[in-house]
Engineer: 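Provided herewith is a single structure, encoded as structure tokens, for subsequent inquiry.
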Amino acid sequence: MSPAEVVLELTDVVFRRQDKEILHGVSCTVRAGEHWALLGPNGAGKSTVLGFCGALTHPTSGTVRVLGGQLGKVELQALRREIGHVDPRHPLRSPLSVHDVVLTGLTGSVDTPPRWQPTPEQSAQATELIELLGLTALANERWPTLSQGERGRALIARALIGEPRLLLLDEPSTGLDVAAREQLLETVDLLTRSHPELASILVTHHLEELPETTTHALLVSGGAVVTAGPIDQALTTASVSRAFGHPIRVARHDGRWSARAARRGGADPAEEVA
Ligand SMILES: Nc1ncnc2c1ncn2[C@@H]1O[C@H](COP(=O)(O)OP(=O)(O)OP(=O)(O)O)[C@@H](O)[C@H]1O
């Protein structure tokens with residue numbers, strides 16, 4: 001079996017701003033069907049890396065290839081249309097319905113553009129995605145009345161309607177209570193079945209917020225890669241402690257990850273220490 005298509009490739013990416021080097025040579029390759037976690041402490045460089053993945057920023061040196069196009073050599077707007085970006089800080093203020101918000105994924109706008117009308121097929125596609133994300137009962141509810149968790153799922157539907165090959169999830173669990181977080185993670189897990197070719201990158205500070213289906217991790221600290229690769233090899237007590245500059249014990253239980261300060265004493269026998 002030949003390896004899956006490369007969706008994203010960062011090679012020796014350096015990023016400087018105002019005489020400060022923010023990223024010091026980041027490399028990473030993401031293939032179709034892979035689900036990456038981008039992890040690291042505050043100020044590590046996660047948002048900066050995500051900016052390259054979303055074709056929003058150019059590197060100072062090094063190369064970034066997104067969906068076959070090299071940043072700096074291709075039209076960014078066209079590339080961005082093939083990338084689904086889920087940002088929980090979506091700046092919508094007007095009272096659009098869930099159905100209309102999902103449709104704005106096709107126009108790439110926050111509000112519905114004046115005089116824009118979806119085709120019957122587009123409208124049916126929005127309905128289908130709303131169902132996939134478990135929001136059918138809320139399809140006509142207005143955005144301001146939705147909970148954070150419902151908005152998160154609606155934004156995933158919005159990101160998927162453009163049939164992206166790459167999905168970026170920027171701290172999707174921020175502000176969610178434990179039930180809403182678990183529901184969102186379950187939804188993300190579901191996508192591996194409904195969209196098997198889709199590659200995704202999920203940014204978080206917390207190992208507890210990783211969906212079970214996460215296949216790879218890129219751990220960054222101080223603008224450099226600590227580890228990158230298959231999740232079982234990349235997320236270990238040693239690598240996470242190094243990235244966060246603190247002794248942290250990493251464990252995996254029933255497919256889910258956890259981290260806590262390392263303490264003297266015995267291990268919990270129920271946990272698989274990574
Ligand atoms: N345009 C810029 N000009 C100057 N410094 C910047 C710029 N963008 C980012 N930085 C700095 O680069 C570093 C990495 O920032 P980045 O936002 O990528 O980190 P992060 O890992 O996403 O952090 P957090 O988890 O706190 O969101 C920080 O020290 C930040 O202050």
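Both ligands and their constituent atoms are indexed starting at 1 by order of listing.
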Engineer: Which atom names give the shortest non-hydrogen contact between Ala234 and Thr227, and what distance separates them?
Structural biologist: O-OG1, 3.0 Å

Engineer: For Gly40 and Leu219, which heavy atoms make the closest approach, and how far apart are they?
Structural biologist: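 That would be N-CD1, 4.5 Å.
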
Engineer: With a 4.5 Å heavy-atom cut-off, do Trp257 and Val250 have their side chains touching?
Structural biologist: yes

Engineer: Shortest non-hydrogen contact from Pro144 to Arg93?
Structural biologist: CG-O, 4.5 Å

Engineer: Check ligand 1 for close polar pairs with the protein: N or O on both sides, less than 3.5 Å.
Structural biologist:
from, atom 1, to, atom 2, distance (Å)
ligand 1, 18 (O), Ser47, N, 3.4
ligand 1, 18 (O), Thr48, N, 3.0
ligand 1, 18 (O), Thr48, OG1, 2.5
ligand 1, 19 (O), Gly45, N, 3.2
ligand 1, 21 (O), Ala44, N, 3.1
ligand 1, 21 (O), Gly45, N, 2.9
ligand 1, 21 (O), Lys46, N, 2.9
ligand 1, 21 (O), Lys46, NZ, 2.8
ligand 1, 22 (O), Ser47, N, 2.8
ligand 1, 22 (O), Ser47, OG, 2.7
ligand 1, 23 (O), Gly43, N, 2.8
ligand 1, 25 (O), Asn42, ND2, 3.4
ligand 1, 25 (O), Lys46, NZ, 2.7
ligand 1, 25 (O), His205, NE2, 2.6
ligand 1, 26 (O), Asn42, ND2, 3.0
ligand 1, 26 (O), Gly43, N, 3.4
ligand 1, 29 (O), Lys20, NZ, 3.2

Engineer: Using a 3.5 Å distance criterion without hydrogens, assess whether the side chain of Glu82 forms a donor-acceptor pair with backbone atoms of Leu79.
Structural biologist: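 No; zero donor-acceptor contacts below 3.5 Å.
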
Engineer: In terms of the angle between their ring planes, are His216 and Trp36 parallel, tilted or perpendicular, with boundaries placed at 30° and 60°?
Structural biologist: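 Ring orientation of His216 relative to Trp36: parallel.
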
